[in-house]
Amino acid sequence: MSKKYDAIVIGAGQAGPSLAKRLSAAGMSIAVIERHLFGGTCVNTGCIPTKAMVASAYAAHLARRAADFGVAVNGHVSVDMKRVKARKDAISDSSRIGVEKMLRGLPHCDVYTAHARFRAAHEVEVSGQALSADRIFLNVGARAFVPPMPGLDAIQFLTNSSMMALDTLPEHLVIIGGSYVGLEFGQMFRRFGSEVTIVEMGARLVGREDPEISSAIQDVLATEGINFRLNAQCIRVSGRAGAITAHVDCGDGSPLVEGTHLLLAVGRRPNTDDLGLEAAGVSRDERGFVTVNDRLETDVPGIWALGECNGKGAFTHTAYNDFEIVASNLLDGATRAVSDRIPAYGLYIDPPLGRAGLTEAEARRRGHTILVGRRPMTRVGRAIEKGETNGLMKIVVDAQSREVLGAAVFGTGGDEAIHCVLDTMYAKAPYPVLQRAVHIHPTVSELIPTILGELAPPAS
Ligand SMILES: Cc1cc2nc3c(=O)[nH]c(=O)nc-3n(C[C@H](O)[C@H](O)[C@H](O)COP(=O)(O)OP(=O)(O)OC[C@H]3O[C@@H](n4cnc5c(N)ncnc54)[C@H](O)[C@@H]3O)c2cc1C
């Protein structure tokens, strides 16, 4: 005999808890099932703890640069990893506890702390108990992808999750993967005092960005002393605790990259392989993501998939937006769709990269006739005053419609400044609207209208 609810939410990540709150407020009885840590990746092993650690790394960096600002730091700047971890843990813990407390306080909501698996389309098993509901919402997220690489089973390696337990400094951290996760950990550990080598099989870092952005990022990180092995595919690892070797297939350079610790940052895999989706008749794509339509409905009526497990976004803000779409359509009679969303994200190295919409390369591929504006951060007053002039800003506009297609702000405050471009895109306003806006001085954003006044066709 199964226990019947109006709705079951599997996974308490970035969409499930907010959805449970709305369903509860609508008077529904709900079961929320979480097998590990409330708040999921963002709260425990992703955004929140990494940004807390990035802040510690920034403090160390600024302390070393204190003399540039006329400030004397007497003595060697050192980093206490135990205190860095304790600070990070306190921030994560508070968020995790808050999520759990909120869920446990919801009216007509039962919280189960166990793994959930489908028995049938509308029936789920939790610790041997059957629960059923007409509406089931999957918010099961993703985990670090561990490739089937020879040697991995014989060494100790790190992922974004196990990095969270480190309270000592690796002497030499080798990172496989030169994209967002690898670069954030790379720069922070370099600033904490580790030697860092990043191994990337592609020809450049963060290959989805325009080449000038990739190269500006590499310049910043190389200046801080990070080593790079590009065009180098890790094919095998070997070693023992404290002495690991990545064997790389490369055109030039040594085929061996040696270090004391190895971090795998080569992508994510959805947590859909042990969910009993076959018993429910819910289909997945070839990479394991739950197949959903524009309203995040799976191919089984009454089952939705939200957040990273649906492959429609790999960010906290996209997971939260999934909650908004599903809740509005279900409870408010709205017709919101995931395709209304404009891609946007941040890369939290220092300076940060704020991104919205298409890159120049994507805009060209889609056949747009484009105008491009750019400005180095050396010509941004706010950056000069802060002594942080690394990076550049770039905006891509459709020459015919005059709508903004995309932008990259790689520079101090870039994660915030990008939003004026993003909001203009959501408003579908022609770029002169933003060009004529009067922004506050001195800010990074005040140069965005200026850039739009200097648009030109790209070189080729
Ligand atoms: C190092 C790192 C840094 C990041 N930084 C950022 C950032 O700065 N900004 C940003 O927007 N995004 C960032 N992300 C991505 C972001 O963390 C994720 O996209 C986001 O957390 C996904 O949310 P979600 O709700 O889809 O899943 P999750 O947050 O992963 O939650 C899924 C939950 O489901 C539970 N679960 C899974 N299977 C079951 C089951 N069968 N039964 C019961 N429970 C189950 C899991 O335990 C988990 O708690 C980062 C990710 C990483 C790895």
Side-chain angles (χ1 to χ4, degrees), residues 1-38 40-41 99-100 103-104 106-143 268-313 319 322-323 325-331 337-338:
M1 203 35 199
S2 70
K3 185 163 181 188
K4 176 105 176 128
Y5 291 92
D6 292 324
I8 295 174
V9 176
I10 305 180
Q14 292 305 303
S18 303
L19 184 62
K21 192 173 172 186
R22 278 235 44 204
L23 298 173
S24 165
M28 292 190 198
S29 61
I30 316 144
V32 175
I33 311 163
E34 170 53 55
R35 70 176 178 188
H36 191 36
L37 300 172
F38 288 85
T41 306
V99 172
E100 180 168 4
L103 287 171
R104 292 198 186 278
L106 290 179
H108 19 264
C109 176
D110 291 336
V111 176
Y112 296 83
T113 49
H115 183 93
R117 202 175 281 108
F118 280 100
R119 277 183 173 177
H122 289 279
E123 190 172 81
V124 167
E125 183 179 323
V126 186
S127 306
Q129 190 181 348
L131 313 178
S132 61
D134 291 339
R135 302 170 198 85
I136 298 186
F137 304 92
L138 307 177
N139 177 219
V140 293
R143 61 184 184 275
R268 310 275 300 161
R269 158 164 289 188
N271 293 324
T272 56
D273 37 1
D274 190 18
L275 199 50
L277 288 176
E278 309 71 27
V282 172
S283 52
R284 299 188 289 163
D285 69 16
E286 65 286 352
R287 292 181 303 150
F289 292 103
V290 178
T291 314
V292 289
N293 63 17
D294 212 17
R295 295 158 60 94
L296 304 173
E297 297 158 335
T298 69
D299 42 15
V300 176
I303 303 181
W304 290 256
L306 301 84
E308 230 176 305
C309 69
N310 65 23
K312 301 273 185 193
D322 284 359
F323 141 66
I325 291 167
V326 169
S328 299
N329 292 347
L330 200 64
L331 302 172
V338 75

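In this text, all values refer to a predicted model and were calculated from it rather than measured experimentally.
Residues passing the side-chain contact (heavy atoms from CB on, under 4.5 Å) test with Val111 are Phe38, Leu103, Arg104, Cys109, sequence neighbours excluded. With sequence neighbours left out, Arg284 forms a salt bridge (charged side-chain N to carboxylate O under 4.0 Å, His left out) with no residue at all. Applying the salt bridge (charged side-chain N to carboxylate O under 4.0 Å, His left out) criterion to Arg287, with sequence neighbours excluded, gives no partner residue. With sequence neighbours left out, Ser29 forms a side-chain hydrogen bond (donor to acceptor under 3.5 Å, both in side chains) with Asp6. By the ring pair (Phe, Tyr, Trp, His ring centres under 6.0 Å) test, Phe323 is found to be paired with Tyr320, residues two or more places apart in sequence or in another chain being considered.
At a threshold of 4.5 Å between non-hydrogen side-chain atoms, the residues His122 and Arg135 do not count as touching. Between Leu131 and Ser2 the shortest side-chain heavy-atom distance does not fall below 4.5 Å. Taking the side chain as every heavy atom from C-beta outward, His108 and Met28 never approach each other to under 4.5 Å. Within the 4.5 Å cutoff, the side chain of Leu330 has heavy atoms near those of the Leu23 side chain. Taking the side chain as every heavy atom from C-beta outward, Tyr112 and Val32 never approach each other to under 4.5 Å. In this structure, the side chains of Asp134 and Lys4 come closer than 4.5 Å at one or more pairs of heavy atoms. At least one side-chain heavy atom of Ile136 sits under 4.5 Å from a side-chain heavy atom of Ile10. Residues His115 and Val126 are not in side-chain contact: their nearest non-hydrogen atoms beyond the backbone lie 4.5 Å or more apart.
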Between Asp322 and Val326, is the side-chain contact (heavy atoms from CB on, under 4.5 Å) condition met? List the steps. CA-CA 6 Å; Asp322 284 359; Val326 169; 5.5 Å; no
Can you check side chain to side chain donor-acceptor pair (under 3.5 Å) on Asp285 and Thr291, steps first, answer last? CA-CA 6 Å; Asp285 69 16; Thr291 314; 5.9 Å; no
I would like to know whether Asp274 and Arg117 meet salt bridge (charged side-chain N to carboxylate O under 4.0 Å, His left out); could you show each step before the answer? CA-CA 7 Å; Asp274 190 18; Arg117 202 175 281 108; 3.0 Å; yes
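Put simply, the side chain of Asn139 never gets that close to the backbone of Ala12: no donor and acceptor are under 3.5 Å apart. No side-chain donor-acceptor contact under 3.5 Å links Asp299 to the backbone of Val292. At least one donor-acceptor pair closer than 3.5 Å links the side chain of Asn310 to the backbone N or O of Ala305.
With rounding to the nearest 0.5 angstrom, the CG atom of Leu277 is 9.0 Å from the OG atom of Ser283. Rounding to the nearest 0.5 Å places CD of Glu34 at 9.0 Å from OG1 of Thr113. Between Leu275 atom CG and Leu138 atom CG the span is 5.5 Å, to the nearest 0.5 Å. Within the model, atoms CZ of Arg268 and CZ of Arg143 stand 9.5 Å from one another, a figure rounded to the nearest 0.5 Å. To the nearest 0.5 angstrom, Ser132 atom OG is 8.0 Å from Met1 atom CE.
Among pairs with a residue in residues 288-313, those fulfilling ring pair (Phe, Tyr, Trp, His ring centres under 6.0 Å) read Phe137-Trp304, at least two apart in sequence or across chains.
Residue Leu106 comes nearest to Ser24 through the heavy atom pair CB-OG, 3.9 Å, listed as atom of the first residue, atom of the second, then distance. Taking each heavy atom of Ala327 and Arg22 in turn, the nearest pair found is CB-NH1, 4.0 Å. Of all heavy-atom pairs between Ala114 and Ile33, the closest is O-CG2, 3.2 Å. The two residues Gly13 and Pro17 make their nearest non-hydrogen contact at O-CD, 3.2 Å. The shortest heavy-atom contact between Val124 and Ala116 is CG1-CB, 3.7 Å. Residue Ala20 comes nearest to Ile30 through the heavy atom pair O-CD1, 3.3 Å, listed as atom of the first residue, atom of the second, then distance.
By the 4.0 Å N-to-carboxylate-O rule, Arg119 lies close enough to Glu125 to be salt-bridged with it.
At most 12 heavy atoms of other shown residues, nucleotides or ligands fall within 6.0 angstrom of atom NE2 in His36. For Arg269, the CZ atom counts as loosely surrounded, since its 6.0 Å shell holds 12 or fewer non-hydrogen atoms of other residues, nucleotides or ligands.
Side-chain atoms of Tyr5 and Asp110 include a donor-acceptor pair closer than 3.5 Å.
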